[in-house]
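Single-structure report; data block below.
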2 protein chains.
Amino acid sequence: MLTIGKLGIAAGVKVPTIRYYEQIGLLPTPDRSAGNQRLYNAKAQHRLAFIRHARDLGFPLEAIRDLLSLSDTPEQYCAAADVIATEQLSAVKARIARLTALQAELERMITQCAKGTIADCRVIEVLSDHELCGEGHGARTATRCAP
Amino acid sequence: MLTIGKLGIAAGVKVPTIRYYEQIGLLPTPDRSAGNQRLYNAKAQHRLAFIRHARDLGFPLEAIRDLLSLSDTPEQYCAAADVIATEQLSAVKARIARLTALQAELERMITQCAKGTIADCRVIEVLSDHELCGEGHGARTATRCAP
DNA sequence: TCTTGAAGCTATAGGTACTAGAGACATTAG
DNA sequence: CTAATGTCTCTAGTACCTATAGCTTCAAGA
Ligand SMILES: [Zn+2]
Ligand SMILES: [Zn+2]
Ligand SMILES: [Zn+2]
Ligand SMILES: [Zn+2]
């Protein structure tokens, strides 16, 4: 049986985070020592490691909640788990696409700056007027004002 | 002079967001009509468009605050603005790198799944044990438990 | 002119995933 | 035994909004 601090070290999770996971019901309420301190068994350690790993892979806590309940029913088909992972992959891909567009815009504005005064700074200029952007990132509507 | 709704449409920003920006001091307090409704001039519209565009490029609000105050002093050197943009570029690059690693891991675990039961699902298996991952994403500490 | 519906007002609370701090109790090493 | 560290509960804060409730104001049609 581990105290919360040891468990945190073992799983690479900070102590308040463990208590938070317990609070939101992601970890079951553990046994307590005579002095009211939390004591964790190997099962809890596995569960926390699972959560931690899924968080490292970017899964949101709600998805992790679903994955955990799936992993508690090993005889079921795994399609639901694969759906969650596939959705996460889509989300990651979408974020990469968006960030790559942003990267291009940022690089362009930075390299075009002549390093003079604010009045001539290409960074400020482009931020003031999306028309100066390449077609990369999606401003949901026009940010250009009437001249 | 525009009401808040028209301004929101013109700049592509939702009405509560405009009020929020005012609340945190990113937009100045506008004039009010006789009936206490906010009225915006072209200057405010430009400022909001600037904020919106910078948000679209992923700048955090604090960085935008700095960029706005820089753009109000056009005779200064633009080095500070370029630093902010360069930092943002670095942040974007770092996120892309991390997400790309996650993408690889997710793709691997999904394609390796045999579409059977949870007990054999590669997705659940890999989440349970970071050792099954490629060296891609960084788990900050071991998530593997003693057997 | 009256009415109705949309738009605006304030204030508060919620969402995500934690993190930090205060003040009190428990455990452990020397 | 004492001092240092660990743990307890509770609250509040981070970033960036979004949603709701209950009210007032405005613009247009009958
Ligand atoms: Zn510049
Ligand atoms: Zn743009
Ligand atoms: Zn599977
Ligand atoms: Zn891993």
Side-chain angles (χ1 to χ4, degrees), chain A residues 1-27 29-40 44 48 50-68 84 87-88 91-92 95 98 102 140, chain B residues 1-27 29-40 44 48 50-68 84 87-88 91-92 95 98 102 139-141:
Chain A
M1 300 295 260
L2 299 173
T3 62
I4 196 168
K6 314 276 183 194
L7 177 68
I9 290 165
V13 178
K14 291 187 186 140
V15 167
T17 303
I18 299 173
R19 289 198 275 248
Y20 170 73
Y21 288 161
E22 179 185 331
Q23 188 195 321
I24 64 171
L26 213 54
L27 286 176
T29 59
D31 296 337
R32 299 284 183 133
S33 73
N36 197 35
Q37 300 195 347
R38 291 171 178 81
L39 291 178
Y40 295 93
L48 181 56
F50 186 103
I51 295 170
R52 172 61 207 275
H53 195 201
R55 286 294 298 134
D56 275 340
L57 286 162
F59 286 88
L61 290 181
E62 279 315 299
I64 296 172
R65 198 187 292 275
D66 295 343
L67 288 168
L68 280 168
I84 293 171
E87 282 172 0
Q88 170 67 6
V92 166
R95 280 198 275 165
R98 170 158 174 75
L102 298 192
R140 293 187 281 273
Chain B
M1 300 292 261
L2 298 173
T3 62
I4 196 169
K6 314 278 184 192
L7 177 68
I9 290 165
V13 178
K14 291 187 186 140
V15 167
T17 306
I18 299 173
R19 289 197 275 248
Y20 169 73
Y21 287 163
E22 178 185 331
Q23 191 195 318
I24 64 170
L26 212 56
L27 286 175
T29 60
D31 294 339
R32 298 284 182 131
S33 74
N36 197 34
Q37 300 194 348
R38 292 170 177 83
L39 291 178
Y40 295 93
L48 181 55
F50 186 104
I51 295 170
R52 172 61 207 275
H53 195 202
R55 286 296 298 137
D56 275 339
L57 287 162
F59 286 89
L61 290 182
E62 280 314 300
I64 296 173
R65 199 188 290 277
D66 295 344
L67 287 168
L68 280 168
I84 293 172
E87 282 171 0
Q88 171 65 6
V92 166
R95 280 197 274 166
R98 169 156 175 77
L102 298 192
R140 293 187 280 272
T141 71

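Chain letters run A, B, ... following the sequence lines, proteins first and then strands; every chain starts at 1.
- One can place CG of A/L2 at 11 Å from P of D/dT7, the figure rounded to the nearest angstrom.
- Atom CD1 of A/I18 and atom C1' of D/dT9 are 16 Å apart (whole Å).
- Considering only side-chain N and O atoms, B/R38 lies under 4.0 angstrom from the phosphate OP1 or OP2 of C/dC9.
- Atom CZ of A/R32 is separated from atom P of D/dG6 by 19 Å (rounded to the nearest Å).
- For D/dT7, the OP1/OP2 oxygens have a side-chain nitrogen or oxygen of A/T3 closer than 4.0 Å.
- Toward the 5′ end of DNA chain C lies the nearest nucleotide of B/Q23, the other residue of the pair B/Q23 and A/Y20 mapping further downstream.
- Residue B/S33 places none of its side-chain N or O atoms closer than 4.0 Å to OP1 or OP2 of D/dT25.
- Across all strands shown, A/R19 has heavy atoms under 4.0 Å from base atoms, whether or not it also approaches the sugar-phosphate.
- Taking only side-chain atoms of A/K14, from C-beta outward, the nucleotide of C/dT19, D/dC16, D/dG6 with the closest atom is C/dT19.
- Checked for salt-bridge contact, A/R65 and A/E62 meet the test: a charged N lies under 4.0 Å from a carboxylate O.
- With respect to A/L39, the side chain to side chain contact (heavy atoms under 4.5 Å, CB included) criterion is satisfied by exactly one of A/L2, A/I4, A/L7, A/T3: A/T3.
- Taking only side-chain atoms of A/L61, from C-beta outward, the nucleotide of D/dC16, D/dC8, C/dC18 with the closest atom is C/dC18.
- The CD atom of A/Q37 sits 14 Å away from the P atom of C/dC25 (whole-angstrom rounding).
- Using a 4.0 Å heavy-atom cutoff across all strands shown, A/Y21 reaches sugar-phosphate atoms only and no base atom.
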